[in-house]
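Heads up: the structure comes next, in structure tokens.
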Amino acid sequence: MQRGTNLGRLGDFNQAVIFESIRRAVDGVSRVELAGSTGLSPQTISNVVRRLLDEGLVREDRTIVSGPGKPRTVLELEANRMVAVGIHLDPGMITVVMLNLRGETMHSRRLDIPAVEVPEKTIEAMAQTVEEIIAESGVPRSNVLGVGVVVPGPLDPERGVMIDPPLLDGWKDVEMVAPLHRMLKLDVVIEKDTIAASIAEQWKGNDSERDNFITMYVGAGIGAGMVLDGEIHRGISSNAGEIGHFSTGVIAQECEICGRNDCLHASLAFSMIAQKAREGGMNLDAPDDGTAEQRAAGMNEIVSLAKSGDEAALQLIRDCMGHVGQVAGQLCNTLDVGLVIMTGPLWSEVGEWCLEDVRDIINERFSSKNVHSIEVRSSTLGHEVGAIGGACAIMDASLSPKAAALLLR
């Protein structure tokens with residue numbers, strides 16, 4: 001957790017540090033405990049807490065007696081005082097959620113939209129869904145911090161534009177932030193799906209291991225999110241985590257993008273998976289080279305077959321996730337983290353069958369296994385992880401302490 005500073009000009013940073021400490025304290029926290037955890041003086045704590053109380057972001061809940069001295073007043077978060085909305089555009093679905101300050105889901109909606117290949121209609125449907133959720137919640141519009149829209153990369157966050165996502169036909173150079181801001185009259189930020197998943201895991205987790213971990217995002221596409229020393233790693237263009245062209249060590253088919261035949265993208269291309277499915281005796285309705293919607297439907301067919309007990313389908317899914325594990329092991333070697341969180345819409349469907357195998361593959365691939373092992377766990381956020389990350393990105397931008405705030409101007 002970030003520590004504060006007693007320089008008067010950095011009040012906003014200190015307020016963010018203290019607010020974050022209160023937010024993460026599930027059972028509340030006293031002013032004395034805040035002074036100990038943040039390194040700030042009692043006077044600074046008192047001034048900031050007074051502002052937070054005046055703004056209705058925290059409340060004085062109860063008093064506790066601990067040893068000699070006057071009783072301590074416990075500060076609790078007013079979790080529903082402010083909310084944020086997240087939208088996740090995945091080639092297979094659109095998810096919209098509303099979160100409170102604790103990161104708890106208040107409302108959610110999943111849209112299976114056939115018109116996902118028509119950007120204008122899809123963006124209009126997103127805005128309409130956000131309006132409906134705000135109306136359902138009864139939260140005053142002034143208490144909505146904003147909307148985080150989460151999309152596949154690459155993207156240009158400065159312009160709020162999706163550049164040319166490989167699995168979304170017709171979405172080249174599509175503006176996302178400007179039209180949503182125009183329709184909703186709310187602040188809008190854009191995040192890459194893999195980075196948003198890491199933001200969600202960091203916001204929702206309380207353990208110290210969340211300071212250094214990798215998120216392996218498994219949806220219609222595959223990517224990685226990285227948190228290093230407690231900070232989300234975005235890269236200089238907010239497009240970090242493109243792992244599609246890492247080698248899996250297994251020959252698949254020639255990749256139309258990088259030209260190799262052993263990259264993760266080639267191994268997990270739907271045309272490749274569909275071919276193996278048919279070789280395994282599965283009859284798929286989806287064409288090998290269909291639209292984004294048809295590819296998503298084809299993967300759903302294979303998952304449904306696996307759920308019904310089809311061993312060939314189950315083995316095919318395990319093989320595919322094994323390729324993801326190979327690449328995750330390479331990232332662990334590069335970054336020397338101790339935790340990998342498997343997440344994403346597809347993983348939420350298949351993780352129970354694949355987690356043990358992926359854990360073994362990652363730890364076998366890890367070069368420093370004699371020093372420490374890698375913990376590999378499935379996310380608890382399910383298919384909503386991207387949308388949750390979008391809402392958390394808004395709260396993170398508005399409320400979390402940033403090291404950049406320490407720059408003296």
- Message: Other residues, nucleotides and ligands only: do more than 12 of their heavy atoms fall within 6.0 Å of CD on Gln315?
- Response: yes
- Message: Could you check whether Glu201 pairs with Arg377 (Lys NZ or Arg NE/NH1/NH2 to Asp/Glu carboxylate O, under 4.0 Å)?
- Response: no
- Message: A side-chain contact here means heavy atoms from C-beta on lying under 4.5 Å apart; do Pro345 and Tyr217 qualify?
- Response: yes
- Message: Keeping Arg318 on the side-chain end and Trp353 on the backbone end, is there a donor-acceptor pair under 3.5 Å?
- Response: yes
- Query: Is the cationic atom of Arg23 (NZ for Lys, CZ for Arg) positioned less than 6.0 Å from the six-membered ring centroid of Trp203 and within 45 degrees of its normal?
  - Reply: yes
- Can you check whether Val189 reaches Val147 side chain to side chain, under 4.5 Å on heavy atoms? no
- Query: Do side-chain atoms of Asn333 reach the backbone of Ser367 as a donor and acceptor pair under 3.5 angstrom?
  - Reply: yes
- Message: I'd like to know whether CD of Glu242 has more than 12 heavy-atom contacts from other residues, nucleotides or ligands below 6.0 angstrom.
- Response: yes
- Note on the structure: What one should report as the nearest heavy-atom pair of Ser267 and Val250 is OG-O, 4.3 Å
- Query: Is a side-chain donor or acceptor of His181 paired with a backbone partner of Leu186 at a separation under 3.5 angstrom?
  - Reply: yes
- Query: Taking all atoms of both residues into account, what is the closest heavy-atom pair of Glu78 and Gly56, and its distance?
  - Reply: CB-O, 3.3 Å
- Under 6.0 Å from the CG atom of Asp54, do we count more than 12 heavy atoms belonging to anything else shown? yes
- Query: Within the distance-only criterion (no hydrogens, no angle test), does the side chain of Gln330 pair as donor or acceptor with the backbone N or O of Ser247 below 3.5 angstrom?
  - Reply: yes
- Message: Do the side chains of Glu349 and Lys307 get close enough for a salt bridge, i.e. N-O under 4.0 angstrom?
- Response: yes
- Query: Tell me, do Asn239 and Ser237 make a side-chain contact under 4.5 Å, heavy atoms counted?
  - Reply: yes
- Under the side chain to side chain contact (heavy atoms under 4.5 Å, CB included) rule, what do Arg295 and Met299 come out as? Steps first, then yes or no, please. CA-CA 6 Å; Arg295 292 191 296 266; Met299 280 306 304; over 6 Å; no
- Query: Among side-chain atoms of Trp347 and Ser379, is any donor-acceptor pair under 3.5 angstrom?
  - Reply: no
- Message: Using a 6.0 Å cut-off, check whether atom CD of Glu136 has over 12 heavy atoms from anything other than its own residue.
- Response: yes
- Note on the structure: In Val227, Ile341, Val337, Leu228, the residue satisfying side-chain contact (heavy atoms from CB on, under 4.5 Å) with Ile214 is Val337
- Query: Which pair of heavy atoms, one from Thr343 and one from Ala197, lies closest together, and at what distance?
  - Reply: CG2-CB, 4.0 Å
- Message: With a 3.5 Å distance limit and no angle check, can you tell me whether Asn363 reaches the backbone of Ile374 through a side-chain donor-acceptor pair?
- Response: yes
- Item | Enclosure of Lys369 NZ (heavy-atom neighbours >12, cutoff 6.0 Å) | yes
- Test salt bridge (charged side-chain N to carboxylate O under 4.0 Å, His left out) applied to Glu76 and Arg62, step by step: CA-CA 9 Å; Glu76 290 273 8; Arg62 63 192 186 280; 3.1 Å; yes
- Message: I need the Ile394 CD1 to Leu99 CG distance, nearest 0.5 Å.
- Response: 11.0 Å
- Heavy-atom nearest pair, Thr215 first then Ser198, reads OG1-OG, 3.0 Å
- Going by the angle between their ring planes, with limits at 30° and 60°, are His265 and His245 parallel, tilted or perpendicular? tilted
- Query: So, are Glu55 and Arg51 salt-bridged, with charged N and O less than 4.0 Å apart?
  - Reply: no
- Gln294 and Pro287: which non-hydrogen atoms are nearest, and at how many Å? OE1-CG, 3.8 Å
- Query: Hey, does Asp357 have a side-chain heavy atom less than 4.5 Å from the side chain of Met321?
  - Reply: no
- Message: Run the salt bridge (charged side-chain N to carboxylate O under 4.0 Å, His left out) test on Glu33 and Arg72 for me, step by step, so that the C-alpha distance in whole Å, both residues' side-chain angles and the decisive distance to 0.1 Å come before the verdict.
- Response: CA-CA 10 Å; Glu33 291 168 320; Arg72 298 176 181 177; 5.1 Å; no
- Message: Rounded to the nearest 0.5 Å, what separates atom CD1 in Ile388 from atom NE2 in His88?
- Response: 11.5 Å
- Query: If you measure only the distance, is there a donor-acceptor pair under 3.5 Å linking the side chains of Glu132 and Gln128?
  - Reply: yes
- Message: My understanding is that only one of Ile18, Val48, Val49 makes a side-chain contact (heavy atoms from CB on, under 4.5 Å) with Arg31; could you say which?
- Response: Val49
- Nearest-0.5 Å distance that lies between atom CE in Met126 and atom OG1 in Thr95: 10.0 Å
- Judged by modelled atom types alone, do Asp90 and His383 share a side-chain donor-acceptor pair under 3.5 Å? no
- Do Leu145 and Val83 come close enough that some side-chain heavy atom pair is under 4.5 Å? no
- Would a distance-only check, ignoring hydrogens and angles, find a side-chain to backbone donor-acceptor pair under 3.5 Å from Asn143 to Arg81? yes
- Does a donor on one side chain sit under 3.5 Å from an acceptor on the other, for Thr44 and Ser41? yes
- Task: Check whether any side-chain heavy atom of Val97 lies under 4.5 Å from a side-chain heavy atom of Val85, and answer yes or no.
- Result: no
- Message: How long is the straight-line distance from NE2 of His233 back to CG of Asn212, given to the nearest 0.5 Å?
- Response: 13.0 Å
- Does Phe19 reach the side chain of Leu101, with side-chain heavy atoms less than 4.5 Å apart? yes
- Message: Let me confirm one number: the CZ-SG distance from Arg359 to Cys354, rounded to the nearest 0.5 Å.
- Response: 12.0 Å
- Query: What's the verdict on side chain to side chain contact (heavy atoms under 4.5 Å, CB included) for Gln253 and Ser271, showing C-alpha distance, side-chain angles and the deciding distance?
  - Reply: CA-CA 10 Å; Gln253 62 183 8; Ser271 57; 3.3 Å; yes
- Message: Can you see whether Glu301 engages Ser304 through a side-chain donor-acceptor pair at a distance of less than 3.5 angstrom?
- Response: no
- Can you check side chain to side chain contact (heavy atoms under 4.5 Å, CB included) on Val376 and Met216, steps first, answer last? CA-CA 10 Å; Val376 183; Met216 295 299 292; over 6 Å; no
- Note on the structure: Minimal heavy-atom distance between Gly235 and Ala240, with the atoms involved, is N-CB, 3.9 Å
- Task: Enter the distance from Leu381:CG to Ser348:OG here, rounded to the nearest 0.5 Å.
- Result: 10.5 Å
- Message: Determine whether Leu89 and Val149 satisfy the following criterion, side chain to side chain contact (heavy atoms under 4.5 Å, CB included), listing intermediate values before the conclusion.
- Response: CA-CA 8 Å; Leu89 170 64; Val149 58; 5.7 Å; no
- Heavy-atom check, side chain of Val130 versus side chain of Ile87, under 4.5 Å: yes
